[in-house]
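Have a look at the structure below before the remarks.
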Amino acid sequence: MTTHPETIHEDHQEQHVGALVAQLSNDVSRLVRDELQLAKAELKDKGKEAGIGIGLFGGAGTVAVYGVGALVAAAILGLAAAVPAWLSALIVALVLFAVAGVAALLGKRHVGHATPPLPEHAVEGVHEDLEALKGHQPEGKVSA
């Protein structure tokens, strides 16, 4: 049995191509793993920075609350120069409760506008798209 040089050359090329495909597969797998590791490290660093930032915002909010308390005390003491101290504290407390009540009512109104928490216009648009795909015309709509 004799082997032709062309057959040996083709077998060698197929082995070479097979090795290249295997190497490519390994390289792509390694590249994807390396990219995932890089993304994981980057997200860890960003999460750490976000945590520090959130902590600083929380600290700033706490200090601001103490500042508002000091302003309330100053308002009470300033008003105490004109009326008895107990009455100035009562007046400032009533003003604060009135401001809180207005803020609560406005907040309730905004929450009412936000419920239900569904993107109603987007859902309606999807229903219209589905009806159009089915070949139906939505009510009140005229095709152009």
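Hydrogens, waters and symmetry mates play no part in the numbers below; they use all other heavy atoms, side chains included.
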- Task: For a side-chain contact (heavy atoms from CB on, under 4.5 Å) with Val92, tell me which candidate from Leu71, Leu77, Ile76, Leu87 qualifies.
- Result: Ile76
- Going from CG on Leu96 to CD1 on Ile91, what distance comes out if it is rounded to the nearest 0.5 angstrom? 12.0 Å
- Note on the structure: For Ala80 and Ala85, the nearest pair of non-hydrogen atoms, with its separation, is CB-CA, 4.0 Å
- Task: Find the distance between NZ (Lys40) and CZ (Arg33) and round it off to the nearest 0.5 Å.
- Result: 13.5 Å
- Item | Transitive ILVMFWY side-chain link Leu79 to Val68, under 4.5 Å | yes
- Hey, does the side chain of Ser29 reach the backbone of Ser25 with a donor-acceptor pair shorter than 3.5 angstrom? yes
- Does a side-chain N-to-carboxylate-O contact under 4.0 Å join Asp27 and Arg30? yes
- Item | Option among Leu20, Asn26, Val28 that satisfies the side-chain contact (heavy atoms from CB on, under 4.5 Å) test with Leu24 | Val28
- Message: Assigning hydrophobic clusters by single linkage (Ile, Leu, Val, Met, Phe, Trp, Tyr; side-chain heavy-atom cutoff under 4.5 Å), is Leu43 placed with Ile52?
- Response: no
